[in-house]
Amino acid sequence: MGFIDDAKDAAETAARKIKDGFEDTVDRVHDKVDEVKADAEVKKAEAERDSVERRNEVKEEIRGDH
């Protein structure tokens, strides 16, 4: 029975390691997705800021504030 118990323990350990590895991979993918989303939000905010700055410059030129 010792051999069967050892084999069972080895199989359980292998299954646990595979599960842990899979969960780590899923976490890494989620982290990367979050990173890409955050980068996109930053780029959108920067583009909006640039747009507002240009709009304000045009308004200043029209009013003769320059």
Side-chain angles (χ1 to χ4, degrees):
M1 283 281 239
F3 175 75
I4 293 174
D5 291 336
D6 290 343
K8 182 179 175 183
D9 288 343
E12 288 174 353
T13 299
R16 186 172 44 253
K17 286 182 180 182
I18 291 170
K19 179 184 173 204
D20 291 346
F22 178 77
E23 289 173 352
D24 288 344
T25 300
V26 169
D27 287 343
R28 283 190 204 104
V29 170
H30 283 281
D31 291 346
K32 189 63 175 178
V33 168
D34 290 342
E35 181 181 331
V36 169
K37 284 181 181 180
D39 286 343
E41 289 175 10
V42 167
K43 288 180 182 180
K44 179 181 175 186
E46 289 172 342
E48 186 175 340
R49 178 203 61 210
D50 293 345
S51 174
V52 169
E53 286 176 355
R54 279 190 230 111
R55 195 173 338 132
N56 289 343
E57 288 172 0
V58 169
K59 286 180 182 180
E60 288 175 2
E61 288 177 17
I62 291 172
R63 288 191 302 248
D65 290 349
H66 251 236

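Along the sequence shown, residues are numbered consecutively beginning with 1. Keep in mind it's a predicted model, so treat the numbers as computed, not measured. All values below come from the heavy atoms of this structure, side chains included, with hydrogens, waters and symmetry mates left out.
- Between the side chain of T25 and the backbone N or O of G21, at least one donor-acceptor pair lies under 3.5 Å.
- In this structure, CG in N56 is found 7.5 Å from CZ in R63, a value given to the nearest 0.5 Å.
- Taken to the nearest 0.5 Å, the OG1 atom of T13 stands 11.0 Å off from the CD1 atom of I18.
- A heavy-atom distance below 4.5 Å is found between the side chains of E46 and R49.
- Residue pairs meeting the salt bridge (Lys or Arg N to Asp or Glu O under 4.0 Å) criterion with at least one partner in residues 21-30, sequence neighbours excluded, are K19-E23.
- Taking 4.0 Å as the cut-off between side-chain N and carboxylate O, K32 and E35 count as a salt-bridged pair.
- Within the 4.5 Å cutoff, side-chain heavy atoms of K37 are placed close to those of V33.
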